[in-house]
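Written out below as structure tokens is the structure these notes cover.
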Amino acid sequence: MQTYKYNNTLKKALLVDIEAGRELMIQVGLEEGFTSKNAIVISQFIDQLLNQLEKITATD
């Protein structure tokens, strides 16, 4: 039961972080170009968050 609450809270936090990263990536992409170093770094960070979310979702 505790693991479920922890995973659910972690999922919510990851979703918030993913959405914030997505918005930042779009902003940076529009300002610097979507292939800029900063946009790519943000994209890679979002990928890591998505991988974490997938791992947590698979264990539920």
Set of side chain to side chain donor-acceptor pair (under 3.5 Å) partners for Asp17, sequence neighbours left out: none
Taken to the nearest 0.5 Å, the spacing of Ile40 CD1 from Glu32 CD works out to 11.0 Å
Linking I/L/V/M/F/W/Y whenever any side-chain heavy atoms sit under 4.5 Å apart, do Phe45 and Leu15 land together? yes
Within the structure provided, determine whether Lys12 and Val16 are in side-chain contact (heavy-atom separation under 4.5 Å). no
Going by side chain to side chain donor-acceptor pair (under 3.5 Å), name the residues that satisfy it together with Glu23, two or more places apart in sequence or in a different chain. none
For residues 46-53, which side-chain donor-acceptor pairs fall under 3.5 Å, sequence neighbours excluded?
unit_1	atom_1	unit_2	atom_2	d
Asn51	ND2	Asp47	O	3.3

Work out which heavy atom in Ser36 is nearest to a heavy atom in Val28; give both atom names and the distance. OG-CG1, 4.1 Å
Looking at Met25 and Ser43, what are the two nearest heavy atoms and their distance? SD-CB, 3.5 Å
Closest non-hydrogen atom pair, Ala39 against Gly33: CB-O, 3.8 Å
